[in-house]
Peer 1: 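The structure under discussion is supplied below as structure tokens; questions concerning it will follow.
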Amino acid sequence: MFKSGVRACALAVAVLCSLANGEAWAQSPAPPPPPLEAYGATPAIELIQLSPSGELIARITVTGETRSLIVTRIATREDLFVGDISVIKVRDLRWIGEGRVLVVTSQTRNIASLGVPRSELFFGQVLDLERQRVVQVLDRTQDVLPVLYGPASVRNTSDGDALFVRGVSVSNDQANLHRVDPATGRGRSVAYMDSTTDDYVLDGEGKVIALSRYDERTGRWSLRLPAGQGHREAWTVDAPVDTPSFHGMGRAPRTIVISADRPDLASGDADAGDADAGDADGVFEVNVDTGEWSRLPFGRDPDFLVHHPQTRLLIGGGRNDEAGVRYEFLDPQAARRWQSVERAFRGKAPQLVSWNDALSQVVVFTDTGDAGQYQLVDFGRGAADIVADAYPAIAPEQVGAVRSIHYAAGDGLDISGHLTLPPGVSEPSGLPLVVLAHGGPAARDVAGFDWWAQALASRGYAVLQANFRGSTGYGRAFLEAGYGEWGRKMQTDLSDGVRWLAAEGVIDPARVCIVGASYGGYAAMAGLTLDSDVYRCGVSVGGVSDLRRMVNWEAEQSRHKNNQTVRYWNRFMGAARLNDRSLDALSPAWLAASVDSPLLLIHGRDDTVVPIEQSRVMAEALRRAGKPVEFVELPGEDHWLSRSATRRQMLVETVRFLEANNPAGRAD
């Protein structure tokens, strides 16, 4: 399990060694780059979790297309279980007590008999270490599909370790909560839930202490809290697009955490949290018995929360800042422990992966200045062991430097992002550039090792990842600045970054291409149609080419055409209604005749988020207009590039296309 030849060393010494190595390569000529397959392969470790005692560690390893579940005793490094789980896509890994491991996988399938369209379906398997046996979650549960409806929850109850999942009935509209026997996989219904049940929170015993209901047609969301044997409606809000969200238990057993837009509860105390620090919602703790709301005492509203591995109570949260993930713990013990980790891994922005129940051991992940590494920290020994490298074929000296940047958009709005330089380059000048646009669009690029950006940088390109308006993590006003700006200012925010880098002398403005996936794929196509004087080529991966067709398709996927997803798209796209023809003016497929630069389209055939039809429509429009286009269909691939072989294929095709149309080695 642990890297051979690596001894446990004091944390501070380990990090000083790694930092010294990073400084050395920064002053040296760049070595030959690894093959593209090293970047395109899925990470060698996909998931990793400590057992409750901290004596065992479970992980999903990847070699080529083969995924394996391995469980190891840490003290002796003895593998207690090694199981090949083939090419199945693994989505979650967690312990159920000390003797069982839950693995959640997914497949792209439909259930025609129930009218379920082709979508990503999730399944659970439980490994019993003692019996060396695997059982299917919800197996042989009467009238219930063995499919997970939402995430799984594990609780250490007074009756033993238990697994809770929602299961879909084959005979009615129910998706009840089931308590699953981890020994057999069989479930029994413990709480009634129908299709309007949006979410729920369990206490430490697995009892439902809060429910939410959402009427997608009307956009009405309601919070329901315990009342006798049932639940009462405690608060409602009209939320046509942005619904409040549950985030598990609060700091006490009878509290829950909700993110919601509650301007009526804005705190007058600046130290209690900046109400505008989050994107749209504040983070509140709600007492389920009294219904009282209070803002959690974070310095800034977090992007995610951290719960205790045993009690499931809230102990902290974290934010993605420009330099990496930053944590703020409300629990004193967790705060002290994490402060010691940050001191030891100073400058490395450590990320918390897994605690043991006693918080005496933690797996951390770092990817600042290298391709990513997992280390097991033992606070009792004051030492850290390297567990695994995420990309073992990529050495630290082959990783390009990542710089945080800021520039002004055309209307003066401050845009931040990251610039990845080719390895060995410290004084960039006149470099060819690839604009790598993120998806979402309500998402963001973060600091650290980005396999796609680093692969392009390894071939001599500077890579710009700009968090254009509408990205998350910069406050409500910045997010809302993107509403109605799809193909407009969201697009020019990217080209404004190109112009800024050119003015700084960093890049050659005549050698710029644009690449992206999902919304980023749309941005790549829009760059060649709506902003065509900036880019000499583009690559779209799973992108939207016909906005009106895309929204109409989303309307058909739900029982209500006026659904939350449609309203989300219309808000960003600036559409007034379903089938709004004004969207055609922003759709690359309708503007194919204006394309004067080469375009490569790549799309997974199993994409259930953006159907492959979107790329097929664009390819056909370009052919009809007499324009050159390359189109690569990825068999068996979904929206997230989950398979190693097709992910590598995407990367190889992208680099081949860029090198043919925008060579990195010379100026034309």
Side-chain angles (χ1 to χ4, degrees), residues 117 198 214-221 236-244 261 263 279-281 409-411 413 437-443 468-472 474-495 516 518-531 540 542-594 609-611 613-615 617-618 621:
D198 184 53
Y214 186 64
D215 186 324
E216 191 164 46
R217 182 179 58 82
T218 65
R220 190 74 172 169
W221 187 94
T236 64
V237 63
D238 288 323
V241 180
D242 301 311
T243 58
D261 186 8
D279 294 319
D281 296 342
D411 61 358
L413 184 66
H438 68 66
F468 44 82
R469 70 191 68 206
S471 299
T472 56
Y474 297 95
R476 177 199 296 270
F478 192 86
L479 178 72
E480 293 181 349
Y483 294 172
E485 296 297 339
W486 188 299
R488 300 179 178 94
K489 290 182 180 179
M490 287 167 61
Q491 191 70 34
T492 56
D493 285 348
L494 298 172
S495 50
S518 193
Y519 173 81
Y522 166 82
M525 290 183 280
L528 303 190
T529 51
L530 298 169
D531 213 1
S540 168
V544 179
S545 70
D546 187 327
L547 275 58
R548 182 159 57 95
R549 185 188 292 259
M550 179 70 200
V551 177
N552 288 346
W553 179 82
E554 290 285 11
E556 295 297 330
Q557 300 306 298
S558 174
R559 66 182 71 187
H560 303 297
K561 288 190 175 182
N562 178 25
N563 59 61
Q564 187 180 18
T565 304
V566 167
R567 294 190 289 264
Y568 172 87
W569 290 124
N570 283 343
R571 182 173 69 180
F572 266 107
M573 293 175 182
R577 66 192 70 84
L578 188 63
N579 205 38
D580 188 338
R581 291 188 177 275
S582 69
L583 295 180
D584 297 348
L586 302 172
S587 298
W590 288 78
L591 306 171
S594 67
V609 177
V610 177
E613 175 194 35
Q614 286 288 322
S615 287
V617 165
M618 184 66 183

Peer 1: Looking at CG of Asp493 and CD of Glu485, how far apart are the two atoms once the value is rounded to the nearest 0.5 Å?
Peer 2: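 These two atoms lie 8.5 Å from each other.
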
Peer 1: CD of Glu613 to CE of Met550: how many Å apart, nearest 0.5 Å?
Peer 2: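 Glu613 CD to Met550 CE: 9.5 Å, rounded to 0.5 Å.
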
Peer 1: How far apart are the closest heavy atoms of Gly543 and Ser615, and which atoms are they?
Peer 2: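 For Gly543 versus Ser615, the nearest heavy atoms are O-OG, 4.3 Å.
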
Peer 1: Applying side-chain contact (heavy atoms from CB on, under 4.5 Å), name anything that partners Leu591, two or more places apart in sequence or on another chain.
Peer 2: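 side-chain contact (heavy atoms from CB on, under 4.5 Å) list for Leu591, sorted by chain: Thr529, Leu530, Ser594.
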
Peer 1: Please determine whether side chain to side chain contact (heavy atoms under 4.5 Å, CB included) holds for the pair Thr236 and Arg220, giving the CA-CA distance in whole Å, both sets of side-chain angles, and the decisive distance to 0.1 Å.
Peer 2: CA-CA 7 Å; Thr236 64; Arg220 190 74 172 169; 2.6 Å; yes

Peer 1: Decide yes or no for Arg469 and Tyr474: does some side-chain heavy atom of the first lie under 4.5 Å from some side-chain heavy atom of the second?
Peer 2: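 No. Closest side-chain heavy atoms not under 4.5 Å.
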
Peer 1: Look up atom CZ in Arg488 and atom CE in Met573, then write down how far apart they are to the nearest 0.5 Å.
Peer 2: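 Between Arg488 CZ and Met573 CE, I get 11.0 Å after rounding to 0.5 Å.
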
Peer 1: Do the side chains of Tyr522 and Pro441 get nearer than 4.5 Å, heavy atoms only?
Peer 2: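 With C-beta onward as the side chain, the pair stays apart.
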
Peer 1: Which atoms form the tightest heavy-atom contact between Ala443 and Gly439, and what is the distance?
Peer 2: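 For Ala443 versus Gly439, the nearest heavy atoms are CB-O, 3.5 Å.
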
Peer 1: Between Ser587 (side chain only) and Leu583 (backbone N and O only), is there a donor and an acceptor less than 3.5 Å apart?
Peer 2: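 A pair under 3.5 Å: yes.
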
Peer 1: Which atom names give the shortest non-hydrogen contact between Pro588 and Ala526, and what distance separates them?
Peer 2: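 Minimum heavy-atom separation between Pro588 and Ala526: CG-N, 3.9 Å.
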
Peer 1: Can you name the side-chain contact (heavy atoms from CB on, under 4.5 Å) partners of Ser582, sequence neighbours left out?
Peer 2: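 Listed in chain order: Asp580.
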
Peer 1: Sub-3.5 Å donor-acceptor pair from the side chain of Gln614 to the main-chain atoms of Asp546, do we have one?
Peer 2: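 The answer is yes, because a donor-acceptor pair under 3.5 Å joins these two groups.
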
Peer 1: Considering non-hydrogen atoms only, spot the tightest contact between His438 and Ser471 and give its length.
Peer 2: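 Closest pair (atom of His438, atom of Ser471, distance): NE2-OG, 2.9 Å.
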
Peer 1: For the pair Thr565 and Gln557, evaluate side chain to side chain contact (heavy atoms under 4.5 Å, CB included) and give the outcome as yes or no after the intermediate values.
Peer 2: CA-CA 10 Å; Thr565 304; Gln557 300 306 298; over 6 Å; no

Peer 1: Where do Ser540 and Gly521 come nearest, in terms of heavy atoms and distance?
Peer 2: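 The answer is OG-O, 3.2 Å.
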
Peer 1: Nearest heavy-atom pair of Arg567 and Gly219: which atoms, and what distance?
Peer 2: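 Heavy atoms only, the tightest pair is NH2-CA, 4.0 Å.
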
Peer 1: Rounded at 0.5 Å granularity, tell me how far CH2 in Trp590 sits from CZ in Arg581.
Peer 2: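 Interatomic distance, Trp590 CH2 to Arg581 CZ, rounded to 0.5 Å: 6.5 Å.
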
Peer 1: Could you tell me how the ring of Phe468 sits relative to the ring of Tyr519: parallel (under 30°), tilted (30 to 60°) or perpendicular (over 60°)?
Peer 2: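 Tilted: the ring planes of Phe468 and Tyr519 meet at 30° to 60°.
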
Peer 1: Using 0.5 Å steps for rounding, measure from the OG1 atom of Thr243 to the CG atom of Asp238.
Peer 2: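 So the gap between those two atoms works out to 12.5 Å.
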
Peer 1: Could I get the full list of side-chain contact (heavy atoms from CB on, under 4.5 Å) partners for Ala442, not counting sequence neighbours?
Peer 2: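 Partners of Ala442 under the side-chain contact (heavy atoms from CB on, under 4.5 Å) test: Thr472, Leu479, Tyr568, Phe572.
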
Peer 1: Below 4.5 Å, heavy atoms only, C-beta onward: do Gln491 and Leu586 meet side chain to side chain?
Peer 2: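 They are not in contact (no side-chain heavy atoms under 4.5 Å apart), so the answer is no.
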
Peer 1: Looking at CD of Glu480 and CZ of Arg571, how far apart are the two atoms once the value is rounded to the nearest 0.5 Å?
Peer 2: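 The CD atom of Glu480 sits 7.5 Å away from the CZ atom of Arg571.
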
Peer 1: For Arg548 and Asn579, does a side-chain donor sit closer than 3.5 Å to a side-chain acceptor?
Peer 2: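 Checked: Arg548/Asn579 side chains pair up, N/O donor to acceptor below 3.5 Å.
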
